[in-house]
Structures are given as structure tokens and as C-alpha cells.
Protein chains: 2
Amino acid sequence: MGAALIPFDEVLDRLTRVFRDEGYEAASLANLSRATGLGKASLYHYFPGGKADMATAVAERSNEIFREKILLPLLGPGEPRMRILGMLDNLDRYYARGEDSCLLGMLAMGGSVTLFQKQVRAGIEGWILALARVLGEVGFAETDALQRAEDAVLRIEGALLVARGIGDAGPFSRTLARMRETLLEL
Amino acid sequence: MGAALIPFDEVLDRLTRVFRDEGYEAASLANLSRATGLGKASLYHYFPGGKADMATAVAERSNEIFREKILLPLLGPGEPRMRILGMLDNLDRYYARGEDSCLLGMLAMGGSVTLFQKQVRAGIEGWILALARVLGEVGFAETDALQRAEDAVLRIEGALLVARGIGDAGPFSRTLARMRETLLEL
DNA sequence: GTCTATACACCGATAGAC
DNA sequence: GTCTATCGGTGTATAGAC
């Protein structure tokens, strides 16, 4: 009969970890099966579209979680400057001090970007827009706020890429530290 | 008998394009064979270690070309400020205005980073050190110069990642524009 | 140094029992 | 809803002729 062995969200979490650590192409069904404890056929029960289906679901859920953990506190109540500094702390935790990679970044730098461009775009642009909005509250003019927000987001992404590439989380930590001093400056 | 059909450097160039556009895992021997016009067995003649061998060779050559086209002009003769601004123009051309991805970035965000970490580290750190040196000539203190250089490099990488991820080169162009105004400022 | 042909493991995906 | 067993295809890699 087979009741669900673990909650579906837990399945998504484990799939996320594999895609985030290995990238889309290197994440084999054998990996994904092992990570979830589910047989391949069971994975196909939840995701009829197979691996691509799993990755898009995982990317969408990742965007939701990012929204909860990063964007809502950023937009939420409190003094705007403090919320922006709080975002930097939350990012530090979210990306495990630079040890974890960004799922969207991994999907972006893979051979099948186009499959996930909708989710990548939504995640990136949602982040930029939210940050720009709070920078606006702080007093930056709209275009300046947008520029700063875009710059901040792509610096985080670049820092995670470089950290992963050289096997040293230092660039991520230093990037957060620099942004603490410059993001609100001028 | 079989003389070389195309110069070896041309083979490397074509392999580079495949790895840079598809990433390591998605670049199949069939792709690489088609792109070079060489049969699989011929590729194994040049690269006994197979695909990993091709990718490391390609990464090393990519670092050499980057050095020629970007780092030497940056370090070369001329007024330091102008050389730094010149680097930004050269990067704009090198990455085809944001349409091309960074090979090292693609390798960094793949499931086999560890295979290429030596080359990725060499490329990234060589770039940072060169830029820091010229920033030093401009008058920035050593630690400040290093911070600025690291920040600049990871912004370029982040901009290329975001551009690829959303399918729009805009973030890359805007990043170069912002850096033209801020990299030498303060 | 290039090719054709092929080995054989693993890939994503499916069938069908329970 | 889960499993085992298996499919056909493609992956990397090799053998051996020319």
C-alpha cells in the first residue's frame, strides 16, 4: 500500500540539496533516489515529468523559502536600515557562511538553463525588486535604488560562485562585510 | 596517415566554446567531436585522460588567453587609471557584451568543481592580484586595493551568472557601467 | 593521426506486482 | 505509493584497421 514515508516537503528538501550541490546535469536519478530514500518509480509518481519536473519544483519551492526567510523579514516591519542589515545576517545563515551554493546559480550555470529560466528570473528579480523597495524607503531615488539592489544581488551570487570555485568561503564573508559598510552609504 | 586537419589551438578553441556554453557535465563526447570535426578516438589521441583532460587543458588555455587579452594590457604600460578603465572595455569585448559565459564560472558551478579547482583558483586569484596591483599604483592602500579587486572580480562573475540565468545581458552592461564610475572612486 | 566499430556502464524512464 | 526488474538510449572510453 505504502503511506508516505517522509513528508513531501522533506522530499523536496532532499532533492534540493542534491541539485544545489551537484547541479542539474550531474544529479542522477540514482543520487536523487538515494537522497530521498524513494525508488525511482516513486519519484516518477510524484514528478511525472522526471528530472526536469523535480528541478522546476525544487526551484519554485526554493523561491518560496527564500521569500519566507529573506524577503519577508526584509520587507517586514521595523526600521528600513536595520531590515537591510538584517538581510545580510540572514543571507549569511541561509548560505551557511558561504559553504552552501545557490540553487538558482547552479541552474543558471548549467547546460539546461533554458528549462529553468522562468524560476531563475522570478527568484532573481523578486529579490532585486524587494531590496530596491526597501532602499527606496531608506531614501534612495528609485533608479539609484534599483541599481544598488541589482548590484547587491549579483555580488552575492558572484561571491558564492567564487567561493565554490576556489573552495574557500572567504570571499563570501568578506563580501557581506563590505556590503554592511557600503550598501547604505552615500 | 592523417595530418592534423586544423591547428591544435583551433581544436582547443572549439572545445572551449562547448564547455563554456554547456558546462562540463552536459558537454558530451559527441558534442565535442562534432564541434572539433574530430572523431572520438582522435580526441582521445590528444587527450588520453578523456573529457576531464580536455576540460583542464581548456581551462589552462583559457587562463593564458585571459592573461594576454586582459591582464597584460592591465599591467602593461600607460597611466594606471586608464589601464583599469581599459580593462573594463576589454572585458566587455571578451565576454561579448555579456552574451558569453565565463568558462571558469561554468566549471565552478558544476558537479565536478574539484577536478578543476586548481585552474579556477589560478584564474581568479591571478586576476584579483593583477587588479589589486594596479589599484595599488593608483594610490589605494594594499588591503583596500585587494578588497576592491576581489569585489570587482566577483561582481563580473556574478553579473555573467545573472545575465545567463535570466537570459538578458543587461546586468552585465550595467555592472561594467557602474564599475567605470565606482572602481576608482573614493 | 584519423577513422569505424564496438564494449559496457549508467542514464532517464517505464511496466507491473504488491 | 512503493517496490523490483527491466527497457532502450546515450554516455565515456577502447580496439584495431588504415
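Below, all heavy atoms of this structure are taken into account, side chains as well, without hydrogens, waters or symmetry copies. Naming: A, B, ... by sequence-line order, numbering from 1 per chain.
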Rounded to whole Å, please give me the gap between [atom1] in [X] and [atom2] in [N].
X       : N      : atom1 : atom2 : result
B/Phe8  : C/dT2  : CZ    : C1'   : 15 Å
B/Leu43 : D/dG11 : CG    : P     : 14 Å
A/Leu29 : D/dG11 : CG    : C1'   : 15 Å
A/Leu32 : C/dC10 : CG    : P     : 17 Å
A/Met54 : C/dC11 : CE    : P     : 13 Å
B/Glu25 : D/dT10 : CD    : P     : 19 Å
A/His45 : C/dA15 : NE2   : P     : 16 Å

Residue pairs, two or more places apart or on separate chains, that pass salt bridge (charged side-chain N to carboxylate O under 4.0 Å, His left out) and touch residues 106-123 of chain A: A/Arg121-A/Glu125
Sequence neighbours excluded, every pair satisfying salt bridge (charged side-chain N to carboxylate O under 4.0 Å, His left out) that has a member inside residues 102-116 of chain B: none
Atom pairs under 3.5 Å, N or O on each side, protein against nucleotides 3-8 of chain C: can you list them with distances?
| residue | atom | partner | partner atom | Å |
| --- | --- | --- | --- | --- |
| C/dC3 | OP2 | B/Gly39 | N | 2.6 |
| C/dC3 | OP2 | B/Ser42 | OG | 3.2 |

Positions of residues 106-117 of chain A (non-hydrogen atom under 4.0 Å from DNA chain C), listed by number: none
Below 4.0 Å: OP1/OP2 of D/dT2 and any side-chain N or O of A/Tyr46: yes
OP1 or OP2 of C/dT14 under 4.0 Å from side-chain N/O of A/Tyr44: no
Options C/dG1, D/dT12, C/dC11, nucleotide nearest the side-chain atoms of B/Lys51: D/dT12
Other residues, nucleotides, ligands: >12 heavy atoms within 6.0 Å of B/Arg67 CZ: no
Sugar-phosphate, base or nothing in reach of B/Ala27, heavy atoms under 4.0 Å: sugar-phosphate
Among B/Leu15, B/Thr56, B/Val58, the one residue meeting side-chain contact (heavy atoms from CB on, under 4.5 Å) with B/Phe47: B/Leu15
Pairwise side-chain contact, B/Asp9 with B/Arg61, heavy-atom cut-off 4.5 Å (strictly under): yes
Side-chain touch A/Ile84/A/Leu131, heavy atoms, less than 4.5 angstrom: yes
Could you pull out all donor-acceptor pairs under 3.5 Å where a side-chain atom in residues 97-113 of chain B meets a protein atom, sequence neighbours excluded?
| residue | atom | partner | partner atom | Å |
| --- | --- | --- | --- | --- |
| B/Arg97 | NH1 | B/Asp92 | OD2 | 3.2 |
| B/Ser101 | OG | B/Arg164 | NH1 | 2.9 |
| B/Ser112 | OG | B/Glu25 | OE1 | 3.3 |
| B/Ser112 | OG | B/Glu25 | OE2 | 3.1 |

Atom of B/Val18, atom of B/Ala27 and distance for their closest heavy-atom approach: CG1-CB, 3.8 Å
Expected list for residues 179-186 of chain A: side-chain donor-acceptor pairs under 3.5 angstrom, two or more places apart:
| residue | atom | partner | partner atom | Å |
| --- | --- | --- | --- | --- |
| A/Arg180 | NH2 | A/Asp89 | OD1 | 3.4 |
| A/Thr182 | OG1 | A/Arg178 | O | 3.0 |

